[in-house]
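Counting convention: from 1, in listed order, for ligands and their atoms alike. In what follows, residues are counted from 1 in the order of the sequence shown. What you see is a predicted model; the values in this text were computed from it and never measured. Any value given below was found using the heavy atoms of this structure, including those in side chains, with hydrogens, waters and symmetry copies removed.
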Amino acid sequence: MTTGQTVRLPSVDRILGDAACLALIAEYGRVQTLACARAVLAELRTAMLAGAVCEEGASIAAIAAQMAERLQAQSRSQLRAVFNLTGTVLHTNLGRALLPDAAVQAVVEALQWPMNLEFDLETGKRGDRDDLVEELLRELTGAEAATIVNNNAAAVLLMLNTLAQGKEVVVSRGELVEIGGAFRIPDVMTRAGAVLREVGSTNRTHLADYANGVNADTALLMKVHCSNYAITGFTKSVELDELVPLAAQHGVPTAVDLGSGTLVDLAQYGLPHETTVRETIEAGADLVTFSGDKLLGGPQCGVIVGRADLIEQIKRNPLKRALRVGKLTLAALAPVLQLYRAPDLLAERLTTLRLLTRPAAAMRAQAEQLLPQLQQVLGKSYAVTAEAMSSQIGSGALPVDQLPSFGLGVRSAPGSRLSNPLGVLEQRLRALPRPVIGRIGQDTLWLDLRCLEAAHETAFVAQLAELSA
Ligand SMILES: *Cc1c(COP(=O)(O)O)cnc(C)c1O
């Protein structure tokens, strides 16, 4: 190694004139490339003072290589595609539902073309963006009308603000839900300007409790789906069809925050039954709100369906303008809803349902096939086994139901001297070009294969070699 005094750094001009850097300029632009050259040179100067730079390290080729690496890292999106091996199909932190091809094509077109988003092609006059999916939603839910906003939290906020600002909303104490990410019924109620009138107790609420809670200030009777928890034991709740006559008697509407928007009976696909939007409308709900990216399997959005006069009122609320969805959401939602017209093909075409209904045998075969490859790259410090595990639907849908699944379990091999071996491995998996996200529990790193479809298996295997480093 030569000392700092004798190593000379090339000038910025010479670096930028080099063929490798000209290629970088062509790709990243002159401004960014120049800034990068300066940053690399500044660091080299500091390192030289410490005597930590050799002749080759200060060569134009070495500098250009460093610049290429940096510029590439810098231009990579912070939002990255990952492998979801957590076993939670609708993972909120990993973006929930994956969309079917039909939706992908529609979004690509909407990105590149002007669209009749609010333009009636028949009359040539201004249209309403909700019209693009309203007919489909009416058909699939049996409701009179529909409107779409940014997510279900927005749907609930907008509904409450429109119908109950300055008035009371009756909700059972057993249904004062908190969904992850700060959505809590009492808080949303306050922000909507409505007054929460809690009735009943945590585990038991009777019809008489609702009846006693209604007064001249009541604007709405509301039920909220206990998405992410279950109250068991000595319990009592009031079904919607019992609540509807009470509401009618007092001349107030009923609303249901259904959480997951299930549009078909999931039992026909071998999954647990979840109340559908249609069942809720048929039971007499005046308004129902639900998410687009939970069990429905579409893009992030919130749907409000129900009585035409109430939907009309909601659409006139100025908040609707602030909460409305963009064209990409509508482009994606329409083809997803179309798929529901063919329920017999749904389990094959709707990605979310296809993942939820993957046979355990398929995942087992996959696990057995992947096992030796993973074991080989992990070496002797870890022991990999193929095992049965259970996945969850996620996003608060059917929180207590587990789906039998299969995958790989990785444990620290006996005698391994690594400290926190599973934490280290979990971190190495996250550092892969396409990060792999598993979950740790019971001294095991679980890689649930439910969400690794055959189409993505090659890409998964291809990067495994990088783990052995
Ligand atoms: C998920 C959920 C919400 C929030 O929906 P987002 O689409 O995530 O905004 C609200 N209420 C219930 C009951 C839910 O399950």
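- Contact atoms of ligand 1 toward Ser227: 12 (C), 13 (C), 14 (C), 15 (O) (distance under 4.0 Å to a heavy atom of the residue).
- Arg204 forms a cation-pi arrangement with Phe234, by the criterion of a distance under 6.0 Å to the ring centre and an angle within 45° of the ring axis.
- A salt bridge links Arg307 with Asp286: the distance from a Lys NZ or Arg NE/NH1/NH2 to an Asp or Glu carboxylate oxygen falls below 4.0 Å.
- In this structure, Val156 falls outside the shell of residues with a heavy atom less than 4.0 angstrom from ligand 1.
- The closest approach between any non-hydrogen atom of Val177 and ligand 1 is not below 4.0 Å.
- Those atoms of ligand 1 with a heavy atom of Asp257 less than 4.0 angstrom away are 10 (C), 11 (N), 12 (C), 13 (C).
- For the ligand labelled ligand 1, residue Lys294 lies inside the 4.0 Å heavy-atom shell.
- For Arg321, the CZ atom counts as loosely surrounded, since its 6.0 Å shell holds 12 or fewer non-hydrogen atoms of other residues, nucleotides or ligands.
- Against a heavy-atom cut-off of under 4.0 Å, His225 is close to the following atoms of ligand 1: 13 (C).
- With a 4.0 Å cut-off on non-hydrogen atoms, Ile179 touches ligand 1 through its side chain and not its backbone.
- Each of the atoms 5 (O), 6 (P), 7 (O) of ligand 1 lies under 4.0 Å from some heavy atom of Ser291.
- Here's the thing with Asp293: none of its N/O atoms is less than 3.5 angstrom from an N/O atom of ligand 1.
- Using a non-hydrogen distance threshold of 4.0 Å, Arg96 registers as a contact of ligand 1.
- For ligand 1, the atoms sitting less than 4.0 Å from at least one non-hydrogen atom of Gly259 are 12 (C), 13 (C), 14 (C), 15 (O), numbered in the order shown with element in parentheses.
- Applying the side-chain hydrogen bond (donor to acceptor under 3.5 Å, both in side chains) definition to pairs two or more places apart or across chains, those involving residues 325-342 are Glu139-Arg341, Gln338-Arg341.
- Comment: Asp101 does not engage Arg349 in a salt bridge, judged by the lack of any side-chain N to carboxylate O separation of less than 4.0 angstrom.
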Side-chain donor-acceptor contacts of residues 82-91 below 3.5 Å, not counting sequence neighbours, with atom names and distances?
residue	atom	partner	partner atom	Å
Asn84	OD1	Thr86	N	3.0
Asn84	OD1	Thr86	OG1	2.5
Asn84	ND2	Thr88	O	2.9
Thr86	OG1	Thr88	N	3.1
His91	ND1	Asn93	N	3.2
His91	ND1	Leu94	N	3.4

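- Lys223 places a side-chain N or O within 3.5 Å of a backbone atom of Val238 that can act as its donor or acceptor partner.
- Comment: Asp443 does not engage Arg411 in a salt bridge, judged by the lack of any side-chain N to carboxylate O separation of less than 4.0 angstrom.
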